[in-house]
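Below: one structure, written as structure tokens.
Starting from 1, each residue takes its place in the sequence as its number.
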Amino acid sequence: MPRHFLRVLDLSTEEILDLLKQALQLKERSRRGIPHRPLVGKILGLIFEKPSTRTRVSFEAAMYRLGGETTFLSTRDLQLQRGEPLKDTARVLSGYLHALVIRTFGQEVVEELARWAKIPVINGLTDQHHPCQVLSDLLTVMEKKGDISCIRVAWVGDGNNVAHSWIEAAARLGFELVLACPEGFDPDPQILAEAQALAGDRIRLLRRPEEAVAGADVVNTDVWASMGQEKEADVRRKVFSPYQVNASLMAQAKKEAIFLHCLPAHRGEEVTEEVLEGPQSVVWEQAENKMWLHMALLEWLLNPENS
């Protein structure tokens, strides 16, 4: 049976830490000019229903660096558009590819593909989870802060798919996570309850961003209106305006705190230019680390005996 990665809780604590350590090793090997090509002859398929810059290019670059190849599959070019069942697509692509990344809307889509595929299926983003993003974010935190288990992370803004994956990561790794979300925009209660059952009060949901950020080692935010929510943008701007990450809010965190944003960022909305381009921002390293994490993940799924 293939191993899939559909949400953070699919991995154990040890598996997450091993992936992060492997990603750091791959990054260091590359800096020293040492090639690492264990996936020669392997082909990765990318099915994207949503637009992407970082997720697409980082997976493509990761696979090429490992010696493999990729094929990009827009859903408008697939027979899915004409009603072919997901289970048929999964079984057909399993005969052509060695792994599949899908970026789509419903979590049920990736789960259905994984149910029928004979190859690893990776969640490149759904409306409910963004697990690869958060593992690469954790890689950045590990580089900057060392031991992840001792940190306090603040999430400010929408209780969206990225927040869900941060919640599950906190449940697995034991760090403190404090979320500040406006009423009506909380994380999925089932996801939050499941994580709190594992982590207890180390995962908390508050209303005031200042309280969440106080003493934080990491301050994290995301856009106020995600893909598919464009019609809600004006309403969301009014609701979320008190949740902007600006210099005043960052001053509530530890002096050496870092700022994360998975990008793209809307300057002047969820974050100010001053913070995004400031000395505490690590967003560009964070974006690069998607590639290194994806390399570790692909090698682990496709060549586990060598990872």
Side-chain angles (χ1 to χ4, degrees), residues 1-12 15-16 19 39 41-64 66 68-136 160-162 164-165 168-169 188 190-191 194 226-228 262 290-291 293-304 307:
M1 292 291 292
R3 185 72 187 270
H4 306 297
F5 183 45
L6 310 185
R7 56 188 293 186
V8 172
L9 288 182
D10 286 345
L11 303 182
S12 68
E15 288 170 336
I16 293 173
L19 281 173
L39 300 187
K42 305 284 188 179
I43 304 171
L44 175 68
L46 302 164
I47 297 180
F48 279 41
E49 286 191 283
K50 290 187 173 186
S52 171
T53 298
R54 282 151 290 274
T55 300
R56 176 179 174 176
V57 178
S58 60
F59 265 114
E60 289 179 333
M63 196 63 177
Y64 291 144
L66 292 169
E69 299 182 25
T70 67
T71 181
F72 182 77
L73 305 162
S74 170
T75 50
R76 65 176 176 268
D77 300 324
L78 296 173
Q79 293 295 339
L80 287 170
Q81 287 291 85
R82 298 177 62 195
E84 182 172 41
L86 283 168
K87 63 182 181 181
D88 293 1
T89 299
R91 287 177 288 188
V92 169
L93 292 180
S94 294
Y96 302 147
L97 307 170
H98 296 92
L100 183 65
V101 177
I102 180 162
R103 183 178 176 93
T104 186
F105 292 90
Q107 182 72 12
E108 69 277 2
V109 174
V110 295
E111 292 174 355
E112 178 74 358
L113 281 173
R115 186 175 299 115
W116 293 95
K118 297 180 181 179
I119 57 175
V121 173
I122 300 169
N123 181 356
L125 175 143
T126 65
D127 290 344
Q128 195 168 32
H129 295 281
H130 200 356
C132 294
Q133 177 65 57
V134 170
L135 289 195
S136 61
N160 63 11
N161 52 355
V162 184
H164 292 161
S165 290
E168 293 196 345
D188 182 290
Q190 183 174 344
I191 292 173
E194 185 178 2
S226 299
M227 285 178 284
C262 64
K290 288 173 70 75
M291 179 181 67
L293 188 281
H294 293 164
M295 286 180 68
L297 179 65
L298 289 168
E299 184 177 5
W300 179 63
L301 291 172
L302 292 175
N303 204 14
S307 60

Between the side chain of [X] and the main-chain N/O of [Y], is any donor-acceptor distance below 3.5 Å?
X: Thr104; Y: Glu49; value: no
X: Ser165; Y: Val162; value: no
X: His164; Y: Asp188; value: yes

### Query
Residues two or more places apart in sequence or in another chain: which of them pass ring-ring contact (aromatic ring centres under 6.0 Å, His included) with Tyr64?
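So Tyr64 forms no ring-ring contact (aromatic ring centres under 6.0 Å, His included) with any residue.
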### Query
So which heavy atom on Leu66 is nearest to which on Met295, and how close?
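Scanning both residues completely, I find the closest heavy atoms to be CD1-O, 3.5 Å.
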### Message
Show the nearest heavy-atom pair for residues Ala99 and Leu302, with the distance to one decimal.
### Response
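Taking every non-hydrogen atom into account, CB-CD2, 3.7 Å.
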[X] side chain near [Y] side chain, heavy-atom distance below 4.5 Å:
X: Leu135; Y: Leu297; result: no
X: Lys50; Y: Asp127; result: yes
X: Thr55; Y: Arg103; result: yes
X: Leu44; Y: Leu97; result: no
X: Asn161; Y: Gln128; result: no
X: Ser52; Y: Arg54; result: no
X: Leu11; Y: Arg3; result: yes
X: Phe59; Y: Thr70; result: no

### Query
By side chain to side chain donor-acceptor pair (under 3.5 Å), which residues pair with Asp88, not counting sequence neighbours?
Arg91
### Query
With a distance cut-off below 6.0 Å to the six-membered ring centre and an angular limit of 45° from the axis, does Arg56 pair with Phe48 as a cation-pi contact?
no
Show me the donor-acceptor pairs, under 3.5 Å and distance only, between side chains in residues 114-125 and residues at least two apart or in other chains.
| residue | atom | partner | partner atom | Å |
| --- | --- | --- | --- | --- |
| Arg115 | NH1 | Glu112 | OE1 | 2.3 |
| Trp116 | NE1 | Glu112 | OE2 | 3.2 |
| Asn123 | OD1 | Leu125 | N | 2.7 |
| Asn123 | OD1 | Thr126 | N | 3.4 |
| Asn123 | ND2 | Leu6 | O | 3.0 |
| Asn123 | ND2 | Gln107 | OE1 | 3.3 |

### Message
Counting only heavy atoms not in Phe72 (residues, nucleotides, ligands), do more than 12 fall under 6.0 Å from its CZ?
### Response
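More than 12 within 6.0 Å, yes.
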### Query
Any side-chain donor-acceptor pair under 3.5 Å between Ser58 and His294?
yes
How many angstroms lie between atom [atom1] of [X] and atom [atom2] of [Y], to the nearest 0.5 angstrom?
X: Leu9; Y: Glu168; atom1: CG; atom2: CD; value: 3.5 Å
X: Leu113; Y: Glu111; atom1: CG; atom2: CD; value: 10.5 Å
X: Lys290; Y: Cys262; atom1: NZ; atom2: SG; value: 7.5 Å
X: Ser12; Y: Glu15; atom1: OG; atom2: CD; value: 3.5 Å
X: Leu100; Y: Leu301; atom1: CG; atom2: CG; value: 12.0 Å

### Task
Apply side-chain contact (heavy atoms from CB on, under 4.5 Å) to the pair Ile191 and His129, showing each step before the final yes or no.
CA-CA 10 Å; Ile191 292 173; His129 295 281; 3.8 Å; yes
### Pairing of Glu194 and Arg7 as salt bridge, 4.0 angstrom limit
yes
### Summary
Given the options Leu19, Asp10, Val101, Phe5 meets side chain to side chain contact (heavy atoms under 4.5 Å, CB included) only with Asp10
